[in-house]
Amino acid sequence: MEIERWERSEEISDAEKKVIQEIWSRVYANCEDVGVSILIRFFVNFPSAKQYFSQFKHMEDPLEMERSLQLRKHARRVMGAINTVVENLNDSEKVSSVLALVGKAHALKHKVEPVYFKKLTGVMVEVIAEEYPNDFTPEAHGAWTKMKTLIYTHVTAAYKEVGWAQ
């Protein structure tokens, strides 16, 4: 049942889009710091994900990761892509296009297993909820759950499109 829910994207209502965009505007004001927090938690919780990053795959210490310029650069890129998605939630073609580019690059160039996107988006929601607890109401949690599913669904569709075989 849980796997099926992840496989199909639920429609995000206009009210939910507004909630996502309002919270994201606060998150994105601290783009690099929040992005670094998300990546550090991701790598601490899922150390096997570091195998795809030659620059910091051997780092174990979260403080060392935090100081890594390469990790900070990647955090900015991740947050920038999410920002483009959030800003364009009312333009499904733009959302699909951005996430298809991300998916294809990670499938073909970086050879990242798609399951890591499910894990990363889960960590993203956790960190945002912790960093912005006053904004993260049950309604916001529901909206962000749909958002992480939207990201994962579009990215994995791109993997399928390029014939990803695990």
**Q** Walk me through whether K148 and L120 qualify under side-chain contact (heavy atoms from CB on, under 4.5 Å).
**A** CA-CA 9 Å; K148 72 181 185 180; L120 178 62; over 6 Å; no
**Q** If you look at every heavy atom in V44 and M65, which pair is closest and at what distance?
**A** CG2-CE, 4.3 Å
**Q** CD1/I23 to OG1/T137 distance, rounded to the nearest 0.5 angstrom?
**A** 6.5 Å
**Q** Could you report the tightest heavy-atom contact between I20 and A143, atom names first, then the distance?
**A** CD1-O, 3.4 Å
**Q** Between E130 and R41, does at least one N-O distance fall below 4.0 Å, as a salt bridge requires?
**A** yes
**Q** Indicate the atoms forming the closest heavy-atom contact of M59 with S68, along with that distance.
**A** CE-CB, 3.8 Å
**Q** Once you round to the nearest 0.5 Å, how far does CG of D91 lie from OG of S97?
**A** 9.0 Å
**Q** Looking at E22 and K18, is there a salt bridge between them, counting it only when a charged N and a carboxylate O are closer than 4.0 Å?
**A** yes
**Q** Atom CG of L39 and atom NE2 of H74: how far apart are they, to the nearest 0.5 Å?
**A** 6.0 Å
**Q** Apply side-chain contact (heavy atoms from CB on, under 4.5 Å) to L89 and M147, showing your working.
**A** CA-CA 9 Å; L89 280 175; M147 177 69 175; 4.0 Å; yes
**Q** Any chance you could lay out the ring-ring contact (aromatic ring centres under 6.0 Å, His included) test for Y52 and H106, step after step, and finish with the verdict?
**A** CA-CA 10 Å; Y52 301 106; H106 284 80; 9.0 Å; no
**Q** In terms of hydrophobic clustering (I, L, V, M, F, W, Y; side-chain heavy atoms under 4.5 Å; direct or indirect links), are M124 and V115 co-clustered?
**A** yes
**Q** Between R26 and Y132, is there a donor-acceptor pair closer than 3.5 Å when you use the side chain of the first and the backbone of the second?
**A** no
**Q** Indicate the atoms forming the closest heavy-atom contact of E131 with S37, along with that distance.
**A** OE2-OG, 4.3 Å
**Q** Quick one about E16 and S13 (side-chain donor to acceptor, distance below 3.5 Å, no hydrogens or angles considered), yes or no?
**A** yes
**Q** Answer whether the closest heavy-atom distance between the side chains of V127 and F42 falls below 4.5 Å.
**A** no
**Q** State, to 0.1 Å, how close F46 and V123 come at their nearest heavy-atom pair, and which atoms those are.
**A** CE1-CG2, 3.9 Å
**Q** Has K119 got its NZ or CZ under 6.0 Å from the middle of the six-membered ring of Y116, at an angle within 45 degrees of the ring axis?
**A** yes
**Q** Quick check: do N90 and K17 have side-chain heavy atoms less than 4.5 Å from each other?
**A** yes
**Q** Any non-hydrogen side-chain atom of L99 less than 4.5 Å from a side-chain atom of V95?
**A** yes
**Q** Sub-3.5 Å donor-acceptor pair from the side chain of N83 to the main-chain atoms of M79, do we have one?
**A** no
**Q** Given 3.5 Å as the limit, does a donor-acceptor pair link the side chain of T149 with the main chain of T145, or not?
**A** yes
**Q** Using 0.5 Å steps for rounding, measure from the NZ atom of K104 to the OH atom of Y159.
**A** 12.5 Å
**Q** Which heavy atom of P114 sits nearest to which heavy atom of T156, and what is that distance?
**A** CB-CG2, 3.8 Å
**Q** Do L108 and W164 come within less than 4.5 Å of each other through their side chains, counting heavy atoms only?
**A** no
**Q** To the nearest 0.5 Å, what is the distance between CZ (R76) and CD (E32)?
**A** 4.5 Å
**Q** Look only at the side chain of Q70 and the backbone of F56, and say whether a donor-acceptor pair between them is shorter than 3.5 Å.
**A** no
**Q** Taking N30 for its side chain and D33 for its backbone only, find out whether a donor-acceptor pair lies under 3.5 Å.
**A** no
**Q** Over 60° means perpendicular and under 30° means parallel, so classify the ring planes of W24 and W144, tilted if in between.
**A** tilted
**Q** Is there a side-chain contact (heavy atoms from CB on, under 4.5 Å) between Y28 and V86? Walk through the geometry before answering.
**A** CA-CA 10 Å; Y28 202 63; V86 171; over 6 Å; no
**Q** If you measure from CD1 on I128 to CD1 on I38, what distance do you get to the nearest 0.5 Å?
**A** 5.0 Å
**Q** Evaluate L71 against V36 for side-chain contact (heavy atoms from CB on, under 4.5 Å), listing each step before the verdict.
**A** CA-CA 7 Å; L71 188 137; V36 168; 3.9 Å; yes
